[in-house]
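First the structure, in the form of structure tokens, and then the observations on it.
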Amino acid sequence: MPKRVVFTADALKEPFGQAMYERITAVGLPIEVAKNNRITGLRGADERETYRIAKNTLAIVNAPPGAFRLQPIPPSADWQMNLAEGCPAHCQYCYLAGSLAGPPVVRAYANLPKMLDHTIAYEGTFPPNKSWQGHDPNRPTSFEVSCYTDVLGIEHLTGSLAECIRHFGTREQGQLRFVTKYNQVDDLLDLPHNGQTRARFSLNTDSVARRLEGGTASVEARLQAMRQLALPRQSGGGGYPIGVVLAPIMPIPDWREQYTDLLDRIKALIDFDCDMTVEFITHRFTPGSKDVLTQWYPNTSLDMDETTRAEKRNKFGGTKYVYQPVDMKAMKVFFYEEWAKRFPNAPILYWT
Ligand code: SF4
């Protein structure tokens, strides 16, 4: 629950913005309406205070025109479509650090239905990059909505994820993908998704989640939520295609034992046939993200020692620090083998 909710004037003119207004009022949160389209009062005396103020603020705004020009998002999906930017959780390795400008406020988009209509123009189009799904021109186009927020973490206040699921439930050539570290899925169970939404859960060992993923649901709660969404409708579930996103994978002491335990728990819970995939993402950071994260979490125990990492350059000259090739190889072999042993019918989409 944010401490402050503020709507811009234009956001409140949107019918979906008004629905959000009613939803937020119904949970008893007071709402401010800005006179114009600027959200002010987000800066504190230093970065720590700015972080605290911004993370406790939910702003309902209209997505800027640039948000309608969708960007490719390999290898996760074809296109990213953001229903919000900013996240209420406190992961000490947060992927958003350094990639979103300004205070880390959550901005949810009141003009979401217009953005969804706009995605129809992208159906049947594929970014030029080689994507994990290959180049079958007849396959549906996939849209990722979790690049810049945790969609389920704000759903109780926005209803945005349900709106997306309903939209893609009516599309044959468009599919939705989301990923979350939260667990409140009850309101998603009965939505008419028609198999067009893949609900993915970001999972890690209990020790990593407890140490580094502040404000999120426990791993056990996420596992139970994933099972609930995957269970067939006749068994009281949502009948969704699901996905495991193992991220960020870290070679912590005893990593083999700890990740084996996690895979065993997934196996024990997903004890029925369902459409499941997995994505493996190892921990990485950039000079920019390290700089922001050490200001946000000055006492973090997250390992961001460049001297122990391998340096990787992207085509734009940016640097990121990944694990050494020898560690990467050992982890990749382990995860591919252990996954295939337990889930021979659940494809591995990629390792990165
Ligand atoms: Fe960042 Fe994702 Fe954690 Fe949110 S859930 S704080 S976006 S890493």
Side-chain angles (χ1 to χ4, degrees), residues 1-2 42 47-48 50-59 67 71 73 76-77 80-109 144-158 160-161 177-185 199-223 225-226 243-250 279-286 288-304 320-322 352:
M1 285 290 184
L42 296 174
E47 276 302 318
R48 269 299 285 166
T50 298
Y51 172 89
R52 197 176 44 73
I53 294 169
K55 279 273 183 181
N56 279 310
T57 304
L58 171 64
Q71 300 299 318
I73 182 72
S76 156
Q80 57 169 298
M81 197 217 78
N82 298 307
L83 54 78
E85 283 191 2
C87 173
H90 303 273
C91 301
Q92 294 178 26
Y93 54 76
C94 181
Y95 310 112
L96 304 186
S99 42
L100 290 183
V105 60
V106 181
R107 292 174 205 271
Y109 297 144
E144 169 69 76
V145 281
S146 310
C147 298
Y148 287 137
T149 189
D150 190 302
V151 290
L152 198 52
I154 56 173
E155 178 64 6
H156 58 302
L157 301 171
T158 65
S160 305
L161 178 58
R177 296 164 61 72
F178 75 87
V179 60
T180 183
K181 294 190 182 94
Y182 286 86
N183 69 315
Q184 55 280 60
V185 295
R200 292 128 74 222
F201 285 80
S202 173
L203 299 173
N204 218 315
T205 70
D206 279 325
S207 68
V208 170
R210 271 199 297 263
R211 186 164 57 93
L212 299 174
E213 296 178 347
T216 62
S218 68
V219 173
E220 184 58 30
R222 293 178 221 172
L223 287 168
M226 184 168 77
V244 168
V245 178
L246 268 177
I249 295 171
M250 298 178 181
E279 294 149 79
F280 295 121
I281 303 172
T282 55
H283 178 247
R284 70 264 333 274
F285 62 93
T286 65
S289 68
K290 178 176 176 177
D291 187 43
V292 174
L293 289 171
T294 44
Q295 291 184 60
W296 286 355
Y297 309 105
N299 303 319
T300 186
S301 59
L302 175 65
D303 164 40
M304 288 190 284
K320 64 181 166 190
Y321 294 100
V322 299
T352 186

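Only a predicted model underlies this, so the values are computations on that prediction, with no experimental measurement involved. Atoms within a ligand are numbered from 1 in the order they appear, just like the ligands themselves.
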Under 4.5 Å between any side-chain heavy atoms of [X] and [Y], yes or no?
X: Val151; Y: Ser146; result: yes
X: Cys87; Y: Asp150; result: yes
X: Met304; Y: Thr294; result: yes

State plainly whether the residues Glu144 and Arg200 are in salt-bridge range, i.e. N to O under 4.0 Å.
-> yes
In ligand 1, which numbered atoms sit nearer than 4.0 Å to a non-hydrogen atom of [X]?
X: Tyr95; answer: 8 (S)
X: Cys94; answer: 1 (Fe), 6 (S), 7 (S), 8 (S)
X: Leu96; answer: 7 (S)
X: Lys181; answer: 2 (Fe), 3 (Fe), 5 (S), 8 (S)

Could you please spell out the steps behind the ring pair (Phe, Tyr, Trp, His ring centres under 6.0 Å) verdict for Tyr51 and Tyr297?
-> CA-CA 10 Å; Tyr51 172 89; Tyr297 309 105; 5.5 Å; yes
Could you find the nearest protein heavy atom to atom 3 (Fe) of ligand 1 and give me its residue, atom name and distance?
-> Cys91 SG, 2.3 Å
Give a yes or no on whether Cys87 keeps an N, O or S atom under 2.8 Å from atom 4 (Fe) of ligand 1.
-> yes
